> 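Here you go, one structure.
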Amino acid sequence: MNAPLQPQAHFHKVDFKPKDYKDENTPSFWCAGCGHYGVLTSLLRALAEIGVDPNFLVSVSGIGCSSRLPYFVNSYKMHTLHGRAGPVATGVQLARPDLAVVVSGGDGDGFSIGGGHMPHLARKNINITYILMDNHVYGLTKGQCSPTSREEMKAAVTPYGGMEEPVDPIMYMLTYGATYVAQSFSGNAKLAAQLIKDGMEHKGFAFINLLSQCPSFNELDTAVAFRNACDEVTGHDISDRSAAMQAVNAAKQAGRIPTGLLYKTERPTLDQRMAELVERVGGSKDYDLRKIIDLSRP
Ligand SMILES: Cc1ncc(C[n+]2csc(CCOP(=O)(O)OP(=O)(O)O)c2C)c(N)n1
């Protein structure tokens, strides 16, 4: 049997600058002033700080303006189906645990059509980094409200404002057991890059919510509004989930957006557990379902 692939022990290193991670083959697609540029800048910086070899890097996305991000990254890339980046990334990571897998996508992609997948990425502790590019609107389809839209946002299909309570991606991910949860404004590239770097180095499901203004379809959540509302939360025990939730709630009740590293813990990832299982049942060569399943049961 071949030696098992070493899960992210990790990062085949190169000495690259952020610009070396930029794929220049695709012309710019985003509108002038779009916050998604800040996400890209932060990701390129994080990649350079780690020094990930692009040959061992996979960028996976769904559908949306944000989901175009892999086009601009020097890596292997998969632009998949709307809301399905998580399951595809899961397959990539389980098949090749030696690769660094980064998912990017919008709030619509992740929490509307893809919402059913998010709890499972978290609870299974899939060893990927998930960057949610959260502009509180559907950008690509020209401005419908999304699950993170504020109730007061007037959009094409909600001209009098929304009627639904928005989802809070951070609380959602804390609740479902993500092992790394962080948030930043995309315009704060220093913090965003740091959080992405730490998230990529974290062994487990790292969820990073990057608030990203949409100057074309969201007049409410502008870059200035995001920047002014963000407060970096420090001082709580980041390994304590209840403390993280309390810190997030306290900031929200004060009308602020909590940013920074909010929660981080360690537990086995799904690829680790699978490797252990294969080891336990005798390796893939001797793989025998009968050793795991009691076939005598009706
Ligand atoms: C199955 C399916 N349903 C709907 C769409 C239409 N659609 C494309 S992108 C999108 C939402 C985009 O919003 P978001 O994911 O928040 O990303 P953004 O464009 O704002 O970055 C929708 C509804 C689609 N492409 N496929």
Side-chain angles (χ1 to χ4, degrees), residues 23 26-44 59-73 77-89 102-119 121 128-159 161-173 183-187 189 192 196 207-223 225-226 257:
D23 186 333
T26 316
S28 174
F29 159 87
W30 297 319
C31 305
C34 175
H36 295 351
Y37 286 107
V39 178
L40 178 62
T41 304
S42 309
L43 175 62
L44 301 181
S59 312
V60 184
S61 67
I63 299 294
C65 296
S66 37
S67 290
R68 290 289 185 109
L69 183 123
Y71 283 67
F72 311 119
V73 182
K77 42 194 102 182
M78 299 177 81
H79 189 196
T80 70
L81 298 175
H82 196 26
R84 302 298 179 255
V88 172
V102 177
V103 174
S104 55
D107 35 297
D109 192 71
F111 283 95
S112 282
I113 193 165
H117 296 295
M118 300 304 276
L121 301 174
I128 58 178
T129 306
Y130 194 118
I131 303 173
L132 196 88
M133 300 159 74
D134 186 359
N135 55 12
H136 297 1
V137 72
Y138 289 180
L140 187 74
T141 45
K142 303 202 180 298
Q144 299 80 11
C145 54
S146 88
T148 59
S149 296
R150 289 202 265 150
E151 277 185 61
E152 57 269 41
M153 191 182 85
K154 295 190 170 111
V157 289
T158 52
M163 290 170 284
E164 298 158 6
E165 187 74 18
V167 164
D168 178 345
I170 291 298
M171 286 303 248
Y172 197 104
M173 281 297 144
Q183 177 157 260
S184 172
F185 166 48
S186 72
I196 296 172
F207 178 79
I208 302 152
N209 203 57
L210 293 185
L211 299 156
S212 171
Q213 75 277 6
C214 175
S216 299
F217 299 110
N218 185 345
E219 292 174 356
L220 213 53
D221 303 299
T222 61
F226 275 142
I257 300 174

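Small disclaimer: the values here were computed from a predicted structure and weren't measured. In each ligand, atom 1 is the first atom listed, and ligand 1 is the first ligand listed.
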> Can you confirm whether M171 is buried at CE, in the sense that more than 12 heavy atoms of other residues, nucleotides or ligands lie under 6.0 Å from that atom?
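Yes, because the 6.0 Å sphere around CE of M171 holds more than 12 heavy atoms from other groups.
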> Tell me: protein heavy atom nearest atom 13 (O) of ligand 1, and distance?
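Nearest neighbour among protein heavy atoms for atom 13 (O) of ligand 1, to 0.1 Å: Y138 CA, 3.4 Å.
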> Nearest protein heavy-atom contact for atom 21 (O) of ligand 1: which residue, which atom, what distance?
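Answer for atom 21 (O) of ligand 1: S66 OG, 2.7 Å.
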> Suppose I only count heavy atoms of D107 and a 4.0 Å limit; which atoms of ligand 1 are within that range?
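Those atoms are 16 (O).
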> Is any N or O atom of G64, backbone or side chain, closer than 3.5 Å to an N or O atom of ligand 1?
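Looking only at distances, the answer is no, because the N/O contact criterion of under 3.5 Å is not met.
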> Under 3.5 Å, N or O to N or O, is T141 touching ligand 1 that way?
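No, T141 has no N/O under 3.5 Å of an N/O on ligand 1.
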> For atom 25 (N) of ligand 1, what's the nearest protein heavy-atom neighbour? Residue, atom name and distance, please.
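That would be I63 CG2, 3.8 Å.
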> Quick one: nearest non-hydrogen protein atom to atom 1 (C) of ligand 1, plus distance?
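Result for atom 1 (C) of ligand 1: I113 CD1, 3.6 Å.
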> Side chains of Y71 and S61: is there a donor and an acceptor less than 3.5 Å apart?
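The answer is no; no qualifying pair exists.
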> Could you find the nearest protein heavy atom to atom 20 (O) of ligand 1 and give me its residue, atom name and distance?
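That would be G139 N, 2.8 Å.
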> Tell me whether the rings of F207 and Y130 are parallel (<30°), tilted (30 to 60°) or perpendicular (>60°).
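Because their plane-to-plane angle lies in the 30° to 60° range, the rings of F207 and Y130 count as tilted.
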> Using the side-chain contact (heavy atoms from CB on, under 4.5 Å) rule, take L132 and D109 through it: C-alpha gap first, then chi angles, then the decisive distance, then the call.
CA-CA 9 Å; L132 196 88; D109 192 71; over 6 Å; no
> Flag D109 as yes when one of its N or O atoms lies below 3.5 Å from any N or O atom of ligand 1, and as no otherwise.
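Indeed, backbone or side chain, D109 has an N or O that close.
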> Against L69, only a single residue in K77, M133, H36 fulfils side-chain contact (heavy atoms from CB on, under 4.5 Å); can you say which?
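Looking at K77, M133, H36, the match for L69 under the side-chain contact (heavy atoms from CB on, under 4.5 Å) is M133.
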> I want to check something: taking the side chain as every heavy atom from C-beta on, are Q144 and T158 in contact at a cut-off of under 4.5 Å?
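Not touching, per the 4.5 Å side-chain cut-off.
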> Show which atoms of ligand 1 fall inside a sub-4.0 Å distance from at least one heavy-atom site of V137.
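Checking each atom against V137, I get 16 (O), 20 (O).
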> Do H79 and R68 make a side-chain contact, defined as non-hydrogen atoms from C-beta onward lying under 4.5 Å apart?
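Counting from C-beta outward, H79 and R68 do come under 4.5 Å.
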> Could you establish whether Q144 and ligand 1 come within less than 4.0 Å of each other, counting only heavy atoms on the residue side?
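Under 4.0 Å: no for Q144.
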> Would you check the N or O atoms of M133, main chain and side chain alike, for any that come under 3.5 Å of an N or O of ligand 1?
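In this structure, M133 places no N or O atom under 3.5 Å from an N or O of ligand 1.
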> Find all atoms of ligand 1 within a distance of less than 4.0 Å from any non-hydrogen atom belonging to N135, and give their numbers and elements.
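Near N135, meaning under 4.0 Å from one of its heavy atoms, ligand 1 has 18 (P), 20 (O), 21 (O).
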> Could you find the nearest protein heavy atom to atom 16 (O) of ligand 1 and give me its residue, atom name and distance?
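Scanning the protein heavy atoms, the shortest distance from atom 16 (O) of ligand 1 goes to G108 N, 2.8 Å.
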> Determine the sole option in S149, S146, S112 for which the side-chain hydrogen bond (donor to acceptor under 3.5 Å, both in side chains) test with Y138 is passed.
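Among S149, S146, S112, the one meeting side-chain hydrogen bond (donor to acceptor under 3.5 Å, both in side chains) with Y138 is S112.
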> Measure the distance from atom 23 (C) of ligand 1 to every protein heavy atom, then report the residue, atom name and distance (to 0.1 Å) of the closest one.
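Nearest protein contact, heavy atoms only, for atom 23 (C) of ligand 1 is H82 NE2, 3.5 Å.
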> Not counting sequence neighbours, which residues clear ring pair (Phe, Tyr, Trp, His ring centres under 6.0 Å) with Y172? List them please.
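If we apply the ring pair (Phe, Tyr, Trp, His ring centres under 6.0 Å) test to Y172, skipping adjacent residues, the hits are F111, Y176.
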> Can you tell which of G110, C65, G106, G35 gets a heavy atom nearest to atom 18 (P) of ligand 1?
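Ranked by closest heavy atom to atom 18 (P) of ligand 1, first place is C65.
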> Can you find an N/O atom of L140 closer than 3.5 Å to an N/O atom of ligand 1?
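It does: an N or O of L140 is found under 3.5 Å from an N or O of ligand 1.
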> Quick check against the 3.5 Å criterion: does D107 have a side-chain atom that pairs as donor or acceptor with the backbone of N135?
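Side chain of D107 to backbone of N135: a pair is present.
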> Would the number of heavy atoms belonging to other residues, nucleotides or ligands and lying under 6.0 Å from CD of E164 be above 12?
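Atom CD in E164 is not crowded, with 12 or fewer foreign heavy atoms closer than 6.0 Å.
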